[in-house]
Colleague: 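Starting off with a structure, shown below.
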Amino acid sequence: MSLRVAPLTGPEFQAALPELAQLRIEVFRAFPYLYDGTLTYEQHYLRSYRDTPNAVLVAAFDGGRIVGAATGMPLADHGDASQITGPMPDADGVFYCAESVLLPAYRGRGIGQRFFDLREDHARNLGASHSAFCAVVRPANHPLKPADYRPLDGFWRSRGYAPQTGATAQFSWADLGEAAETPKTLQVWIKDLCA
């Protein structure tokens, strides 16, 4: 396999959005997100990246095929900012890492590290003081939790992120098997980029 991870801009960025939509639907179906996504919703959601000059899309390629992607933009420019409650640094100084999606066959090869490296480099170049993301909170005994599930907390901590005490977000989506959207709580994780 010929794996390459690179930030995309301009026409490459635009061309990658349909593949990112498909990846989000496929990867987020798994626990803990259990997201029953639609292409219509994804196309609407991803327009914000297309329309935000300081957004970044980092893609992992196997040859010419995108097998993973990660996005980010200044928190002040992201619609999710209004969903976050609790103590946070000023939004103007926070870069929001929205998602990292990677097909299972490509995990454990350092691609997740590159996703964070390149987004954090982008954030620093924009003058951000902090980087943040949101992770869904599920009960430990959730009936759809696989027996071999490993949370990513250790990976995130190794990158310098920690849960921001008291800072959460509420988002709604339809879980697999649900007829309607239900609210979900997400924990905000944050890193000081100046430390």
Colleague: Counting only N and O atoms by type, is there a donor-acceptor contact under 3.5 Å from the side chain of Lys184 to the main-chain atoms of Trp173?
Modeller: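 Side chain of Lys184 to backbone of Trp173: a pair is present.
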
Colleague: Between Arg107 and Pro104, is there a side-chain heavy-atom distance shorter than 4.5 Å?
Modeller: yes

Colleague: Would you please name every residue forming a side chain to side chain contact (heavy atoms under 4.5 Å, CB included) with Glu26, sequence neighbours left out?
Modeller: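 So Glu26 forms a side chain to side chain contact (heavy atoms under 4.5 Å, CB included) with Leu103.
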
Colleague: According to salt bridge (Lys or Arg N to Asp or Glu O under 4.0 Å), who are the partners of Asp153, at least two apart in sequence or on a separate chain?
Modeller: none

Colleague: Which pair of non-hydrogen atoms, one from Asp51 and one from Pro53, has the smallest distance, and what is that distance?
Modeller: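 Closest pair (atom of Asp51, atom of Pro53, distance): O-CD, 3.6 Å.
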
Colleague: So do the side chains of Leu186 and Phe171 get within less than 4.5 Å of each other, counting heavy atoms only?
Modeller: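 With C-beta onward as the side chain, the pair touches.
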
Colleague: Among the clusters formed by ILVMFWY side chains lying less than 4.5 Å apart, do Trp156 and Val27 turn up in the same one?
Modeller: no

Colleague: Between Gln187 (side chain only) and Gln164 (backbone N and O only), is there a donor and an acceptor less than 3.5 Å apart?
Modeller: yes

Colleague: Answer with yes or no whether the hydrophobic clustering places Val5 together with Phe61; edges join I, L, V, M, F, W, Y residues whose side-chain heavy atoms lie under 4.5 Å apart.
Modeller: yes

Colleague: Would you name the heavy atoms of Met88 and Ala167 that are closest together and state the gap between them?
Modeller: SD-CB, 4.1 Å

Colleague: Between Arg119 and Val56 (side chain of the first, backbone of the second, donor and acceptor by atom type, cut-off under 3.5 Å), is there such a pair?
Modeller: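 No; zero donor-acceptor contacts below 3.5 Å.
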
Colleague: Under 4.5 Å between any side-chain heavy atoms of His130 and Phe95, yes or no?
Modeller: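 His130 does not reach Phe95 side chain to side chain.
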
Colleague: Working to the nearest 0.5 Å, report the span between CE of Met73 and NE2 of His122.
Modeller: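 Interatomic distance, Met73 CE to His122 NE2, rounded to 0.5 Å: 9.5 Å.
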
Colleague: What's the separation between atom CG in Asp92 and atom OG in Ser129, rounded to the nearest 0.5 Å?
Modeller: 9.5 Å

Colleague: Would you please test Thr168 and Val188 for side chain to side chain contact (heavy atoms under 4.5 Å, CB included) and show each step?
Modeller: CA-CA 5 Å; Thr168 60; Val188 176; 5.6 Å; no

Colleague: Between the main-chain N or O of Tyr33 and the side-chain N or O of Arg138, is there a donor-acceptor pair closer than 3.5 Å?
Modeller: yes

Colleague: Looking at Arg114 and Asp121, is any side-chain nitrogen of the basic one under 4.0 Å from a carboxylate oxygen of the acidic one?
Modeller: no

Colleague: Just wondering, do Tyr96 and Cys134 contact through their side chains at under 4.5 Å, heavy atoms?
Modeller: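 Yes, side chains in contact.
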
Colleague: With distance as the sole test, does Thr52 use its side chain to make a donor-acceptor pair with the main-chain N or O of Tyr49 at under 3.5 Å?
Modeller: no

Colleague: Look at the side-chain heavy atoms of Ile, Leu, Val, Met, Phe, Trp and Tyr, link any pair under 4.5 Å apart, and say whether Phe28 and Ile66 land in one connected group.
Modeller: yes

Colleague: Testing the basics here: between Ala98 and His78, what is the closest heavy-atom pair and its distance to 0.1 Å?
Modeller: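 Heavy atoms only, the tightest pair is CB-NE2, 4.1 Å.
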
Colleague: Any chance you could lay out the side chain to side chain contact (heavy atoms under 4.5 Å, CB included) test for Cys194 and Arg124, step after step, and finish with the verdict?
Modeller: CA-CA 9 Å; Cys194 303; Arg124 288 185 185 96; over 6 Å; no

Colleague: How close do Ala128 and Leu193 get, heavy atom to heavy atom, and via which atoms?
Modeller: O-CD1, 3.8 Å

Colleague: Count I, L, V, M, F, W, Y as connected when their side-chain heavy atoms are under 4.5 Å apart, and connections chain through other members. Are Leu126 and Phe13 then in the same cluster?
Modeller: yes

Colleague: Can you classify the ring geometry of Tyr35 versus Tyr41 as parallel (below 30°), tilted (30 to 60°) or perpendicular (above 60°)?
Modeller: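 If you compare the ring of Tyr35 with that of Tyr41, the planes turn out perpendicular.
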
Colleague: Hydrophobic cluster membership, with links at side-chain heavy-atom distances under 4.5 Å among I/L/V/M/F/W/Y: are Leu102 and Phe133 in one?
Modeller: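 Hydrophobic grouping puts Leu102 apart from Phe133.
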
Colleague: I'd like to know whether NE2 of His142 has more than 12 heavy-atom contacts from other residues, nucleotides or ligands below 6.0 angstrom.
Modeller: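 Buried by this count: over 12 neighbours within 6.0 Å.
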
Colleague: How close do Leu46 and Leu17 get, counting heavy atoms only, and between which atoms?
Modeller: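 Nearest heavy atoms, Leu46 then Leu17: CD1-O, 3.6 Å.
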
Colleague: May I ask you to test the Thr38-Ile25 pair for a side-chain heavy-atom distance under 4.5 Å?
Modeller: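 With C-beta onward as the side chain, the pair stays apart.
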
Colleague: Just verifying a value: how many Å separate Ser100 OG and Ile111 CD1, rounded to the nearest 0.5 Å?
Modeller: 11.5 Å

Colleague: Please tell me if the side chains of Pro89 and Ile190 come closer than 4.5 Å, counting only heavy atoms from C-beta onward.
Modeller: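 Yes. Closest side-chain heavy atoms under 4.5 Å.
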
Colleague: Taking all non-hydrogen atoms of both residues into account, name the closest pair between Phe115 and Ala69 and its distance.
Modeller: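 Closest approach of Phe115 to Ala69, heavy atoms only: CZ-N, 3.4 Å.
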
Colleague: Report the C-alpha separation of Leu176 and Arg29 in whole Å, then their side-chain angles, then the decisive distance to 0.1 Å, and conclude whether the side chain to side chain contact (heavy atoms under 4.5 Å, CB included) test is met.
Modeller: CA-CA 7 Å; Leu176 296 175; Arg29 286 182 69 81; 3.4 Å; yes

Colleague: Is the side chain of Glu178 donor-acceptor paired with the backbone N or O of Asp175 at a distance under 3.5 Å, no angle test?
Modeller: yes

Colleague: Inspect the contact between Asp117 and Arg159 and indicate whether a charged nitrogen and a carboxylate oxygen are less than 4.0 angstrom apart.
Modeller: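 Judged by the 4.0 Å cut-off on N to carboxylate O distance, Arg159 and Asp117 do form a salt bridge.
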
Colleague: What pairs with Arg24 under salt bridge (Lys or Arg N to Asp or Glu O under 4.0 Å), at least two apart in sequence or on another chain?
Modeller: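 Testing Arg24 for salt bridge (Lys or Arg N to Asp or Glu O under 4.0 Å), a comparison that skips the adjacent residues, returns Glu42, Glu99.
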
Colleague: Could you check whether Asp62 pairs with Arg4 (Lys NZ or Arg NE/NH1/NH2 to Asp/Glu carboxylate O, under 4.0 Å)?
Modeller: no

Colleague: I would like to know whether Val58 and Leu8 meet side chain to side chain contact (heavy atoms under 4.5 Å, CB included); could you show each step before the answer?
Modeller: CA-CA 6 Å; Val58 179; Leu8 305 182; over 6 Å; no

Colleague: Using 30° and 60° as the class boundaries, would you call the ring planes of Phe116 and Tyr161 parallel, tilted or perpendicular?
Modeller: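 Phe116 and Tyr161: tilted rings.
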
